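Below is one structure, written out as structure tokens, with a few remarks after it.
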Amino acid sequence: MSADTHVVTISRFLVEEERRHPEATGAFTDLLHEIALAAKVIGREVNKAGLVDILGAAGDENVHGETVQKLDVFANNVMYRALDHTGLVACMASEENEGFIPIPDKFPAGDYVVIYDPLDGSSNIDVNVSIGTIFSIHHKISDGERGTLEDCLQPGSKQVAAGYVLYGSSTMLVYTSGTGVHGFTLDPSIGEFLLSHPRMEIPVPPRKVYSINEAYFRRWSRGQQELVRYMKTEGEFGSRYIGSFVADIHRTLLQGGIFMYPSDSVNRDGKLRLMYEAAPMAMVVEQAGGRASDGRRDILDIQPESLHQRVPLFMGSTEFVDLAEEMLAVDD
Ligand code: AHM
Ligand code: MG
């Protein structure tokens with residue numbers, strides 16, 4: 001794409017970012033290219049999801065005689081296969097896999113650790129609601145040539161980069177590598193992500209919106225109940241809850257507000273996963289000027305103990321996350 005069109009493709013953006021870091025090897029740029037490619041492949045299938053009834057449902061054979069995979073299984077495979085052979089990655093972990101994912105011996109290993117939720121909110125597919133992919137990138141810290149579990153279990157503050165892909169009314173890729181948050185929208189006619197949201201920042205003052213599954217009200221702690229009661233009465237907040245994490249966080253980034261998935265009497269640690277959902281989105285939200293907390297401490301400071309650990313989550317405009325922490329203190 002030439003400069004005079006004023007269109008910045010993700011490729012051009014990444015190359016220009018790389019030039020600003022003379023020590024860069026190009027490996028990070030290559031890695032993000034692979035993730036962007038995976039996003040396009042997943043997005044293409046997500047857009048066809050409404051056609052399963054006529055083209056064949058998961059488990060059926062499609063018109064080509066191939067078995068149709070469930071979309072989350074498909075997305076998981078696409079992410080893995082986009083990265084396994086590149087020589088850029090030391091190991092991976094996916095919300096869809098029990099253990100950490102080594103790089104097969106037949107491929108060279110690299111220095112990056114990639115952790116992902118390949119298709120979050122997949123229960124929303126059947127009703128045509130936006131879903132997303134979330135990714136988190138660390139440097140390998142172990143000494144060996146190939147990555148280990150220790151490389152995956154690093155606190156969010158050590159992330160090199162993080163981001164998400166939203167399969168919504170358009171497909172967007174949003175990421176940060178620690179110098180602001182940048183959003184790209186897929187132009188399907190040319191198959192390229194184009195820079196549409198440079199330097200995203202949560203607006204100040206923010207829109208007063210809380211986002212929580214309020215049906216769990218009776219299970220909440222006293223502090224949590226008082227917080228939501230305050231927001232809807234004296235606080236004069238509005239309410240929005242899509243029930244699809246990537247979409248709820250994307251709205252919060254663009255408009256402000258607070259997303260909450262607290263602990264409750266049934267789910268003591270909430271529902272969302274620290275490594276696949278909370279930590280990467282916390283890096284994005286903090287880079288956009290917001291905050292992310294488990295109600296007591298910053299999400300990015302939490303040292304993970306296991307790959308699939310869950311964490312209560314309060315994320316969005318700084319002033320509302322601060323307010324949540326203050327009001328939840330009555331529970332201590
Ligand atoms: P999933 O990993 O099974 O897709 O669940 C994650 C989703 C998130 O996208 C969303 O924020 C949350 O579950 C909604 O949960 P609930 O239906 O309990 O409100
Ligand atoms: Mg998920």
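Start at 1 and go down the list; that is how both ligands and their atoms are numbered. A quick note: this is a predicted structure, and the numbers were derived from the prediction, not measured.
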For atom 12 (C) of ligand 1, closest protein heavy-atom neighbour: K271 NZ, 3.8 Å
Give me the residue, atom name and distance of the protein heavy atom closest to atom 18 (O) of ligand 1. Y261 OH, 2.5 Å
What about [X]: any of its N or O atoms under 3.5 Å from an N or O on ligand 1?
X: F259; value: no
X: Y216; value: yes
X: G121; value: yes

Please lay out, stage by stage, how Y116 and E95 fare under the test side chain to side chain contact (heavy atoms under 4.5 Å, CB included). CA-CA 6 Å; Y116 49 86; E95 206 201 71; over 6 Å; no
Under 4.0 Å between a Lys/Arg side-chain N and an Asp/Glu carboxylate O for [X] and [Y]?
X: E16; Y: R20; value: no
X: E17; Y: R12; value: no
X: K48; Y: E45; value: yes
X: R291; Y: D322; value: yes
X: D264; Y: R219; value: yes

Is atom 4 (O) of ligand 1 close to the protein, meaning a heavy atom under 4.0 Å from it? yes
Of all the atoms in ligand 1, which lie at a distance below 4.0 Å from a heavy atom belonging to [X]?
X: E95; value: 2 (O)
X: S122; value: 4 (O)
X: S244; value: 9 (O)
X: Y241; value: 14 (C), 15 (O), 16 (P), 19 (O)
X: N213; value: 16 (P), 17 (O), 18 (O), 19 (O)
X: F245; value: 8 (C), 9 (O), 10 (C), 11 (O)

Name the orientation class of the two ring planes belonging to [X] and [Y] (parallel below 30°, tilted from 30 to 60°, perpendicular beyond 60°).
X: Y241; Y: F259; result: parallel
X: Y216; Y: Y261; result: tilted
X: H85; Y: F107; result: perpendicular

Give the atom name of whichever N/O/S atom in [X] sits closest to the Mg ion (ligand 2).
X: E95; value: OE2
X: D117; value: OD2
X: E277; value: OE2
X: D120; value: OD1

Heavy atoms only: which of D120, D264, I242, N267 lies closest to atom 6 (C) of ligand 1? D120
Taking all atoms of both residues into account, what is the closest heavy-atom pair of L313 and A278, and its distance? CD1-CB, 3.9 Å
Minimum heavy-atom distance I212-Q224, with the two atoms named: CD1-NE2, 3.5 Å
